Amino acid sequence: MNSVRQLRRLRRAELPVDTVQLARYLIGKVLVHDLDSHRLSGRIVETEAYPIGDSAGHAFRGKTPRNRSLFLERGHAYVHITYGTSFLLNVSSEVPGVGAGVLLRAVEPLDGVELMAGSRGATRLADLGRGPGRLTKAMQVDLRQDGLDLCAAGPLWLAASAQVTGAIGKSVRVGLTRNVDRLLRFYERDNPRVSGPKRLRK
DNA sequence: TATGCGATATTCT
DNA sequence: GAATATCGCATAG
């Protein structure tokens, strides 16, 4: 049943060249990770933009060994560790040499739900991909995926879904201390798979 | 429901 | 030494 899901690989030319537009564009798209014998996929329901010159963004102070993937052409994966414990997945969003990206904060699991649940222990099913750290754990994304081209014929890629996307809401970003006032978080409204407090899901 | 804390890689002061 | 784009568990109300 899952194998008949209609997924169409996104071409780089389809991705907006602007970070904020890309963040909004990715809502309702699908993240796919092809493993040896299984497919993991999830519908993206929450993102945050970290545009050029954003003091809350990792690229703000220039290129380092950790954040170099943010400076790749749009559509590449930037994976990093935060708080020493959680992996976070971003999509680079500008032209080569410019550091900016879109953080993927939540997915609604589609293919491979049993596998995700298995690797997640007793976590509630509804929380599998709810939150940036949980998203990477469910999708089995870690530092090995850092720098991958999500628009190439690789194991990790972006797809368009036949499913209709609901109304898109906009809010402040979550968990920041700098540049907190800008409305750079996008999410599908009233979707319970979106992370954060309830007031930030409406 | 809300708040606090430990784990701990990388960068900055 | 301190801060950070987090999570999961503990405890309290």
Side-chain angles (χ1 to χ4, degrees), chain A residues 18-27 31 42 44-72 74-94 98-109 116-148 150 156 169-188 192-202:
Chain A
D18 176 78
T19 302
V20 178
Q21 285 179 37
L22 179 64
R24 191 180 185 290
Y25 173 85
L26 287 177
I27 300 293
L31 177 68
I44 298 167
V45 295
E46 183 185 359
T47 64
E48 281 179 0
Y50 288 85
I52 301 168
D54 174 15
S55 59
H58 282 185
F60 183 62
R61 290 175 187 81
K63 201 189 280 195
T64 68
R66 176 172 75 148
N67 69 18
R68 63 195 156 78
S69 301
L70 275 180
F71 293 80
L72 297 171
R74 71 189 191 282
H76 284 74
Y78 163 50
V79 183
H80 71 91
I81 300 177
T82 189
Y83 295 96
T85 53
S86 302
F87 297 108
L88 272 69
L89 172 62
N90 300 245
V91 180
S92 67
S93 55
E94 297 286 342
V98 175
V102 174
L103 171 66
L104 304 186
R105 285 194 58 89
V107 293
E108 179 181 316
M116 297 180 193
S119 61
R120 294 297 324 258
T123 306
R124 294 215 323 269
L125 212 56
D127 287 342
L128 272 182
R130 189 170 165 269
R134 289 192 280 224
L135 179 154
T136 54
K137 202 165 242 181
M139 293 294 296
Q140 298 190 29
V141 168
D142 58 33
L143 293 183
R144 287 171 298 181
Q145 277 76 39
D146 184 35
L148 284 186
L150 302 177
L156 191 65
K170 194 197 283 194
S171 83
V172 295
R173 292 174 292 181
V174 175
L176 305 188
T177 55
R178 282 187 297 268
N179 212 352
V180 295
D181 295 331
R182 298 176 67 185
L183 300 179
L184 294 174
R185 173 175 174 269
F186 298 90
Y187 54 95
E188 188 174 46
R193 309 299 179 115
V194 171
S195 74
K198 276 184 196 156
R199 67 189 160 80
L200 291 182
R201 280 185 241 160
K202 304 256 181 225

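Since the model is a prediction, treat every value here as computed from it, not as a measurement. Residue numbers start from 1 in every chain, and the chains themselves are labelled A, B, ... in the order their sequence lines are given, proteins ahead of strands.
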Next item on the list: Using a heavy-atom cut-off of under 4.0 Å over every strand shown, decide if A:L176 touches base, sugar-phosphate, or nothing.
Entry: sugar-phosphate
Next item on the list: Provide, to the nearest angstrom, the distance between the CZ atom belonging to A:F186 and the C1' atom belonging to C:dA5.
Entry: 16 Å
Notebook entry, point to check: Hey, does the side chain of A:R134 come within less than 4.0 Å of C:dG8's phosphate (OP1/OP2), counting only N and O?
Noted result: yes
Margin query: Applying ring-ring contact (aromatic ring centres under 6.0 Å, His included), can you list everything that pairs with A:H58, at least two apart in sequence or on another chain?
Written below: A:H80
Margin query: From C-beta outward on A:Y78, which listed nucleotide comes closest to its side chain: C:dT6, C:dA5, B:dC12?
Written below: C:dA5
Notebook entry, point to check: Dot-bracket for DNA chain C, 5' to 3', with Watson-Crick and G-U pairs under 3.5 Å, [ ] for crossing pairs and | for other-strand pairs: what is it?
Noted result: ||||.|||||||.
Item checked: Over all atoms of both residues, closest heavy-atom pair of A:P132 and A:L103 -> CB-CD1, 4.4 Å
Next item on the list: For B:dC5 and C:dG13, measure between their P atoms and round to the nearest Å.
Entry: 14 Å
For nucleotides 1-9 of chain B, list the nitrogen or oxygen atoms of the protein found under 3.5 Å from its nitrogen or oxygen atoms, one pair per line.
unit_1: B:dT8; atom_1: O2; unit_2: A:Y83; atom_2: O; d: 2.4

Next item on the list: May I have the distance from A:F87 (atom CZ) to C:dT4 (atom C1'), rounded to whole angstrom?
Entry: 16 Å
Checklist line | A:T177, nearest nucleotide to its side chain (from C:dT4, C:dA5, B:dC12) | finding: C:dT4
Check: When all nucleic acid strands are considered with a 4.0 Å heavy-atom cut-off, which category describes A:R105: base, sugar-phosphate, or nothing?
Finding: sugar-phosphate
Check: How close or far is atom P of C:dA5 from atom OH of A:Y187, stated in whole angstroms?
Finding: 21 Å
